[in-house]
S.K.: 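There's a structure below that I have some questions on.
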There are 2 protein chains.
Amino acid sequence: MGRPADEAKREAVLTAAAKSFFEHGYAGSSIEQIAADAGVSKVTVYNRFGDKRSLFAAAVERECEQMRESMKVPEIPSGDLRDRLTAIAEAMVAFLSRPKMIQFERRVAAETEHEPAVGAAFLAAGPHRMMRAFAALLAAMHDNGEIQVENPELAAEQFASMCKGIGDLERRFGAPDDLKRNRERIEGAVEVFCRAYAKR
Amino acid sequence: MGRPADEAKREAVLTAAAKSFFEHGYAGSSIEQIAADAGVSKVTVYNRFGDKRSLFAAAVERECEQMRESMKVPEIPSGDLRDRLTAIAEAMVAFLSRPKMIQFERRVAAETEHEPAVGAAFLAAGPHRMMRAFAALLAAMHDNGEIQVENPELAAEQFASMCKGIGDLERRFGAPDDLKRNRERIEGAVEVFCRAYAKR
DNA sequence: GACAAATTGAACGCCTCCGTTCATTTGAAC
DNA sequence: GTTCAAATGAACGGAGGCGTTCAATTTGTC
């Protein structure tokens, strides 16, 4: 009976909440502003999410879902080993460099100490998922006989870490993107990885 | 003439401000609480720092100074190349793993977008300084003939990044320290680095 | 059309905070 | 001991936020 809840409004609130929380931080966001941005009454926000903390948690969870979807396992292009590694590296770096991702990381990290579950959810949905997929890919390459890796998880971490270098750190602290340096990092990572692990 | 300003109070305020800002965030910190923690009147805080933003900037600057001092360039132990690299890696990881450093990074990153100068100051005082020192060390090793690196800056970044792996990321998002994994990362980094760069 | 639940707008109490003002006290330099 | 700036405590105005209440209104379902 009665009027059913408008799910579109729920989405609108979450979108506005995510935008505000990840732009202005938790303490710097107000529910009234979020409600206004969502074109919704403040009471509706409270009726549906109950609490500021709960709203924050819901926003993070939704963002993690979107991240899960947008993170395709890098498909294996055919061709030279070096070319394939380069393609994967470029996809990874591009994914991690998006300004949205950087801000999302900043905010989630800042709130993790108050809400450890939030940090754990992010790790599981993002980095850990990505590393597992990449490690599986390396294991397959090992079975193919292209490379020789005893510890695919470690090798995956090493490759990804070299590709990022301190670029992600610099981005987090506002340094402008240096595309030339990124290219150097990727080429260097491929080179070192091949020297260490390529067969032949 | 008159009464001289009490510099001890200035220090106390900065200490309390740093503690609060890096623990509760900028918006989550109140000047009244900071003044109380410092055992000082609120008016004194305003007279000396003028403004909340300025106080935050001063706290970050002071923290960067302390970081500069506490960051000794890892001295070169004698011995096997692998042993020396391992020792350096251990010092680096230990330095970056301190909970204080993690929280400091979280907060500074979160405020960098409002105050880009803050992020730049941190980068210059911390990571960039460290990488420069390590790159110089690698260049010296190259001149020694121990290793063969054309691009010491890149090689330094690669080694440091492999040592960290995604461990720093996991720490930022609240995952507990995994000492065994850290050891694996360091050993793996030394191994890959030597395979790629060691002469003979 | 009648019902019932969702939604709204406005107001409320309560709290915290920023930044300022001012009369008063403290304490070092002269 | 006088002088003068630093420091204090208390209070203020203005603003904003959280979470709640309530009557009024929408908007689906029956």
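Numbered from 1 within each chain, the chains take letters A, B, ... in sequence-line order.
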S.K.: Using the rule side chain to side chain contact (heavy atoms under 4.5 Å, CB included), only one of T44(A), V45(A), V43(A) pairs with N47(A); which is it?
M.R.: V43(A)
S.K.: One thing to verify: whether E191(A) and R82(A) come together as a salt bridge, which I'm taking to mean a side-chain N less than 4.0 angstrom from a carboxylate O.
M.R.: yes
S.K.: For dA6(C), take OP1 and OP2 only and decide whether either is under 4.0 Å from a side-chain N or O of R48(A).
M.R.: no
S.K.: Check this for me, if you would: do E111(A) and R107(A) make a salt bridge, where the nitrogen-to-carboxylate-oxygen distance has to be below 4.0 angstrom?
M.R.: no
S.K.: We want to know whether S20(A) and S29(A) form a side-chain donor-acceptor pair, criterion being a heavy-atom distance below 3.5 angstrom.
M.R.: yes
S.K.: Is any NZ, NE, NH1 or NH2 atom of the basic residue among R185(A) and E170(A) found under 4.0 Å from an Asp or Glu carboxylate oxygen of the other?
M.R.: yes
S.K.: Give me, pair by pair, the N or O atoms of the protein and of nucleotides 8-10 of chain D that are less than 3.5 Å apart, along with how far apart they are.
M.R.:
{"unit_1": "dT8(D)", "atom_1": "OP2", "unit_2": "S41(B)", "atom_2": "N", "d": "2.9"}
{"unit_1": "dT8(D)", "atom_1": "OP2", "unit_2": "T44(B)", "atom_2": "OG1", "d": "2.4"}

S.K.: Within this structure, what is the CD-to-C1' distance between E7(B) and dA7(D), rounded to whole angstrom?
M.R.: 14 Å
S.K.: Using a strict threshold of under 4.0 Å (side-chain N to carboxylate O), is an ion pair present between E113(B) and R106(A)?
M.R.: yes
S.K.: Would you call D37(B) and K19(B) a salt bridge, using N to O less than 4.0 angstrom?
M.R.: no
S.K.: Less than 6.0 angstrom from the centroid, inside 45 degrees of the normal: does R172(B) satisfy that with respect to the ring of F122(A)?
M.R.: no
S.K.: Rounded off to whole Å, could you give me the OH-to-P distance for the Y46(B) and dC17(C) pair?
M.R.: 11 Å
S.K.: Between R181(B) and E157(A), does any NZ, NE, NH1 or NH2 come within less than 4.0 Å of an OD or OE carboxylate oxygen?
M.R.: yes
S.K.: Would you give a per-nucleotide map of nucleotides 24-30 of chain D, 5' to 3', where B means the base has a protein non-hydrogen atom under 4.0 Å away, S means only the sugar-phosphate does, and - means neither?
M.R.: --BBBSS
S.K.: Tabulated below should be each protein N or O lying under 3.5 Å from an N or O of nucleotides 14-17 of chain D; please produce it.
M.R.:
{"unit_1": "dG17(D)", "atom_1": "OP1", "unit_2": "S30(A)", "atom_2": "OG", "d": "3.4"}

S.K.: Starting at atom CZ of F49(A), determine the distance to atom P of dG19(D), rounded to an integer number of angstrom.
M.R.: 14 Å
S.K.: Are Y197(A) and F159(A) close enough that their ring centres sit under 6.0 Å apart?
M.R.: no
S.K.: Please state how far atom CD1 in I34(A) lies from atom P in dG19(D), giving the value in whole angstrom units.
M.R.: 11 Å
S.K.: If you measure from the Lys or Arg side-chain nitrogens to the Asp or Glu carboxylate oxygens, is any gap between R98(B) and E105(B) under 4.0 Å?
M.R.: no
